[in-house]
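Accompanying notes for the structure given below.
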Amino acid sequence: MKTGEFKDIILSNYKENGRVFPWRTNLDPWGIMVSEFMLQQTQTERVVPYWERWMERWPAPVRLAQASLEDVLREWSGLGYNRRARYLKETAVRIADSHGGIVPASPDQLRELPGIGTYSSQAIACFAYNYPAVFIETNIRAVYIHFFFQDKAGIQDAEIFPLIKETLDPENPREWYWGLMDYGAELKKITPNPSRKSAHYTRQSRFEGSLRQVRGAVIRSLVSDGPCDRDTLKARTGIGDSRLDEALSALYGESMVAEKDGIYRIP
DNA sequence: GTCCCGTATC
DNA sequence: GATACGGGAC
């Protein structure tokens, strides 16, 4: 596949079948940032209603910076990976305190913020400021593997990056990446996930019966029904003693839960 | 069971 | 490089 032909396919598909999301219609950098936090490991369809409520309630970083973690987690409840909510709030505080309330435009500055790694720093710079970043995530990976590594296994991202750089539209990287992601998402519906052939592909551990599940139940109980002692928490959630203590200990260590005089709450 | 627009931590 | 981290949809 020639890269010129490849680019035509991706862009024409985007023109005809490109997805519409609120964070694509409204290009406010804060909205883009919120969407990228929520989209880390969470499907777009699930994110949409959360994003709408979130932006209604906290339309700017300085607003979220003033919110309590309890309110933030309550709004996040159901999205999963609750630490992301805390990172987003901490990032909002940093933006309010050190960036004049403005979402930074450079990937290097974004990368310094809590909860923002190699992917998100590049993606936010690209989508918020149309910066021609070179980055990869699951849908982009699927697209390049599908078109350029059809018969190969154990593909390294390092092999894909040169192609991403070569095919990137420096004039409009934002639309180009939207197109890539949309094509990748579509691809996975009609073929076995090409990303399985990536060297970086890993299966997720079982959720049912996991500590992850227990932790989620603890957070959900504390934000929906308020602070309480351990026995009340046990009664509310039906979690066994050892699992409950294990979860509480881990959450306490991550500052996701606080404890005073035997009463647990969101810090 | 599979998948999800990854990050932090070791 | 490996592992933990939610939760819902299909």
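Just so it is clear: chains get the letters A, B, ... in the order the sequence lines come, proteins before strands, and each one is counted from 1. The structure displayed is predicted, hence computed values, not measured ones.
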Return the value, rounded to whole Å, for the distance between atom [atom1] of [X] and atom [atom2] of [N].
X: Q43(A); N: dC5(B); atom1: CD; atom2: C1'; answer: 10 Å
X: N193(A); N: dC10(C); atom1: CG; atom2: C1'; answer: 15 Å
X: F207(A); N: dC3(B); atom1: CZ; atom2: P; answer: 18 Å
X: I219(A); N: dG7(C); atom1: CD1; atom2: P; answer: 9 Å
X: H200(A); N: dT3(C); atom1: NE2; atom2: P; answer: 16 Å
X: Q213(A); N: dG7(C); atom1: CD; atom2: P; answer: 8 Å
X: E75(A); N: dG6(C); atom1: CD; atom2: P; answer: 18 Å
X: L39(A); N: dG8(C); atom1: CG; atom2: P; answer: 17 Å

My understanding is that only one of V143(A), I160(A), L180(A), L163(A) makes a side chain to side chain contact (heavy atoms under 4.5 Å, CB included) with I136(A); could you say which?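 Running side chain to side chain contact (heavy atoms under 4.5 Å, CB included) over V143(A), I160(A), L180(A), L163(A) with I136(A) returns exactly one hit, I160(A).
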
Is there a continuous path of hydrophobic side-chain contacts, each under 4.5 Å between heavy atoms, that joins F127(A) to M55(A)? no

If you take atom types as modelled and just measure distance, does the side chain of [X] reach the base of [N] with a donor-acceptor pair under 3.5 Å?
X: Y119(A); N: dC5(B); result: yes
X: Q40(A); N: dC5(B); result: no
X: R46(A); N: dG7(C); result: yes
X: T42(A); N: dG6(C); result: yes
X: Q41(A); N: dG7(C); result: no

Heavy atoms within less than 4.0 Å of DNA chain B: which residues of residues 47-62 of chain A have one? Give them sorted by number.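 When residues 47-62 of chain A is checked for heavy atoms under 4.0 Å from DNA chain B, there are no hits whatsoever.
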
Full working for side chain to side chain contact (heavy atoms under 4.5 Å, CB included) between I95(A) and L64(A): CA-CA 10 Å; I95(A) 291 174; L64(A) 179 62; over 6 Å; no

Residue pair L222(A) / P227(A), side-chain heavy-atom distance below 4.5 Å: no

Under 4.0 Å between any heavy atoms, over every strand shown, what does [X] touch: base, sugar-phosphate, or nothing? Just pick one.
X: W23(A); result: base
X: R24(A); result: base
X: E36(A); result: base
X: R111(A); result: sugar-phosphate
X: I116(A); result: sugar-phosphate
X: G80(A); result: base

Between F6(A) and F148(A), how do the two ring planes meet: parallel, tilted or perpendicular, split at 30° and 60°?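 Correct class here is perpendicular.
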
Relative to each other, are the rings of Y14(A) and W178(A) parallel, tilted or perpendicular (30° and 60° limits)? tilted

Taking the six-membered ring for Trp, are the ring centroids of [X] and [Y] within less than 6.0 Å of each other?
X: Y81(A); Y: F37(A); answer: no
X: Y177(A); Y: F135(A); answer: yes
X: Y252(A); Y: Y264(A); answer: no
X: W30(A); Y: W58(A); answer: no

A cation-pi test, strictly: NZ or CZ of R53(A) under 6.0 Å from the centre of the six-membered ring of Y50(A) and no more than 45 degrees from its axis. Yes or no?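 Ring-cation test returns yes.
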
For the OH atom of Y183(A) and the OH atom of Y144(A), what is their distance to the nearest 0.5 Å? 12.5 Å

Specify the residue among R203(A) and F21(A) whose closest nucleotide of DNA chain B lies further upstream toward the 5′ end.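 Upstream on the strand: R203(A).
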
What nucleotide, of [options], holds the atom closest to the side chain of [X]?
X: T118(A); options: dG6(C), dT7(B), dC5(B); answer: dT7(B)
X: Y87(A); options: dC5(C), dC3(B), dA8(B); answer: dA8(B)
X: Y201(A); options: dC3(B), dC5(C), dT7(B); answer: dC3(B)
X: R83(A); options: dA4(C), dC5(B), dC3(B); answer: dA4(C)
X: S120(A); options: dC5(B), dA8(B), dT7(B); answer: dT7(B)

Watson-Crick or G-U pairs under 3.5 Å in DNA chain C, rendered as dot-bracket with [ ] for crossing pairs and | for another strand: |||||.||||

Any side-chain N or O of R84(A) under 4.0 Å from OP1/OP2 of dG6(B)? no

Using a cut-off of strictly less than 4.0 Å, decide whether R206(A) has a side-chain nitrogen or oxygen near OP1 or OP2 of dG7(C). no

For dC5(B) versus dC10(C), give the span between their P atoms, rounded off to a whole number of Å.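 These two P atoms come out 13 Å apart once rounded.
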
